[in-house]
Structures are given as C-alpha cells and as structure tokens.
Amino acid sequence: MRQIKLFEGCEDNFRTLEADVNEWLAEQDGKVEIVKISGNIAPQTAVPQATSPAHGISSGPKGRRRFAPSDILILVEYETTS
C-alpha cells in the first residue's frame, strides 16, 4: 500500500530538514520502497519595513526590502515492502 511522509521546514534551516529526511530514510532501510520524493519552496514574502530589529529582520542596506525565510515542504511517497 502506498503511503506518504511529509517533512516541513524553513529555508534558513534547510540542513536540519535535510538531516531529518536522511535519518528517516536510513531508519526505513529495507522496510519501504521509495516511489518518489518531491518538494516545494514557498514564494518569498517581503518583510514590512517597520519590522523590529529585535526580531532579526529589518530593512537592508539603502532601504532595500528584506524577505522572510520561505517554508519548505518535502513529500516522500513510499510503499511498504512487507
């Protein structure tokens, strides 16, 4: 029976997301057959100019707008082998 596993993360922390996916795949070794892995990254959202620097996001140099990190979704479609 085909099933899916979803992983979600943020582009500013993609290495953790990558490690999570790889760890899950290693744990499933021999238990599942991977059918397909796909992903999506959300469009960037402009951060309002008035955002507080306390939140780590502010206007860039020369008044350029900064962008919030985008969300990442990874979908693993798999089939159980047992």
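Keep in mind it's a predicted model, so treat the numbers as computed, not measured. In this chain, residues are counted from 1 in sequence order. Basis for what follows: all heavy atoms, side chains included, without hydrogens, waters or symmetry-related copies.
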CA sep, side-chain torsions, deciding dist, call: L73, F7, side chain to side chain contact (heavy atoms under 4.5 Å, CB included): CA-CA 6 Å; L73 178 68; F7 296 90; over 6 Å; no
Would K5 and Y78 count as a side chain to side chain contact (heavy atoms under 4.5 Å, CB included) if you check the C-alpha gap in whole Å, the side-chain angles of each, and the deciding distance to 0.1 Å? CA-CA 8 Å; K5 174 76 174 170; Y78 65 95; 4.0 Å; yes
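Counting only heavy atoms from C-beta outward, the side chains of L6 and I74 never approach each other to under 4.5 Å. In this structure, the side chains of I34 and V76 come closer than 4.5 Å at one or more pairs of heavy atoms. Considering only heavy atoms from C-beta on, T80 comes within 4.5 Å of Q3 through its side chain.
Within a 6.0 Å radius of CD in E79, other residues, nucleotides and ligands contribute more than 12 heavy atoms.
Cluster membership check: I37 shares its hydrophobic cluster with F14, using side-chain heavy-atom separations under 4.5 Å among Ile, Leu, Val, Met, Phe, Trp and Tyr.
Annotation: the span from L75 atom CG to E8 atom CD amounts to 12.5 Å, rounded to 0.5 Å. Once rounded to the nearest 0.5 Å, the distance linking CD of Q28 with OG1 of T81 reads 9.5 Å. In this structure, the separation between CG on D12 and CG on D71 is 9.5 Å, given to the nearest 0.5 Å. N22 CG to L17 CG: the interatomic distance, rounded to the nearest 0.5 Å, is 9.5 Å.
Judged purely by atom type and a 3.5 angstrom limit, S70 has no side-chain atom pairing as donor or acceptor with the backbone of I41.
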